[in-house]
Amino acid sequence: MMAEWNAWTDDQLKTYNFPIHPLPICSVNDPQAEELIKEQKPVVIKGSELISTAQKWDLEYLREHIGDGEFTVYESDSESFKYYDDKKVIDGFTPPMKQRRMIFSEFYDAIKNKNRTKKYYLQQPLNDKVGPQIVVDFINFNWKWIKQQQMNNNWGPLTSNLLLISEEGNVTPCHYDEQENFYSQANGYKRVILFPPSQYKYLYPHPVYHPHDRQSQVDFDEPNLKLFPKFKKVVGFGTVLGPGDVLYLPSYWFHYFETLKNSGIATAITFWYKAAPVGNITYPLTAVQLMAMMRNTEKMILEALKDYKQVDIFWNMLAAGRYC
Ligand SMILES: O=C(O)C(=O)[C@H]1CC[C@@H](C(=O)O)C1
Ligand SMILES: [Zn+2]
């Protein structure tokens, strides 16, 4: 992967032994960018100026202007920040990280504390508690461009702008989301690896009832190929995002993020939109339709059985010796 203007070098990236092909990179004026978005394929867009007013959002600026609201900050004993839904916690589940609430200056002090043993990741939807200067920066995002994308692709409403402040080395393990996303890098460097929905069977997402719903069960650093044998077929599409880059991250595409080693703090903002309504069903079903259908089936069975421990038994009864 070629480092742009020597901003980073390959030794700042974690190494994985699956193939990683480059993601398409387009200028915002290149019609190819709109084409790929229409086809729900990922593309890195350069020059959109989507969040150029946030490129100055470093820790000091934010500490001064972000206001005294509380922020969700994940605290981890390792570099891994595997999301879990705290409304789905099941007995025997141990959250892999702590979800804390802090005002920004507490987060600032935690990051600056040289003797700390924990790693931190601030992940907070931007809300009306932010200070007036942040509101000015927010209003000056390139809403004209992104609203055009929303309209062109018949997306639903913008649901949230998640402010992401990560420190060097942090990893967001592989998962998928059900919304369309323009992931916008304000500053710092992040490497992203994407996998199309068709690789669902290689990535073994947790069951829908599990707190790690939508997250891959496979530990990319030490994949258990006995439990997850198809993982060895996985093929990724990756790139490094720098300041001002915008990644169109289609719904249901699996993705993994890492903040480059020795690259300091990285600030990003997501733009999540409700996906367009599913078009008329044609056969064979698309991978996204199959994923949505599998999710609905799992939910229906859990609804019928009430107890998630019965779901495993039910599936085995239904499939063993009959379908597999
Ligand atoms: O935008 C998304 O869909 C995400 O998964 C974000 C959650 C943490 C972010 C990261 O850069 O590590 C990526
Ligand atoms: Zn995500």
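Throughout, numbering of the chain's residues begins at 1 and tracks the sequence. Whatever order the structure lists ligands and atoms in, that order sets their numbers, starting from 1. Values below: every heavy atom of this structure, side chains too, minus hydrogens, waters and symmetry copies.
- A cation-pi contact, defined as under 6.0 Å to the ring centre and within 45° of the axis, links Lys112 to Tyr108.
- The environment of Lys230 atom NZ is sparse: at most 12 non-hydrogen atoms of other residues, nucleotides or ligands sit within 6.0 angstrom.
- For the Zn ion (ligand 2), the nearest N, O or S atom contributed by Asp177 is named OD2.
- Exactly one residue among Phe195, Phe231, Phe228 makes a ring-ring contact (aromatic ring centres under 6.0 Å, His included) with Tyr204. That residue is Phe228.
- For Asp68, the CG atom is loosely surrounded, since the number of other residues' heavy atoms within 6.0 Å does not exceed 12.
- A salt bridge links Glu258 to Arg191: at least one charged side-chain nitrogen sits closer than 4.0 Å to a carboxylate oxygen.
- Here the angle at the Zn ion (ligand 2) defined by NE2 in His175 and NE2 in His255 stands at 90°, rounded to 10 degrees.
- One distance of note links CD of Glu34 with NZ of Lys38; it measures 8.0 Å at 0.5 Å rounding.
- If you look at Trp143 and Phe271, their ring centroids are closer than 6.0 Å.
- Contact residues for ligand 1 (protein heavy atom closer than 4.0 angstrom to any ligand atom): Tyr121, Gln123, Leu164, Thr172, His175, Asp177, Asn181, Tyr183, Lys190, His255, Phe257, Thr270, Trp272.
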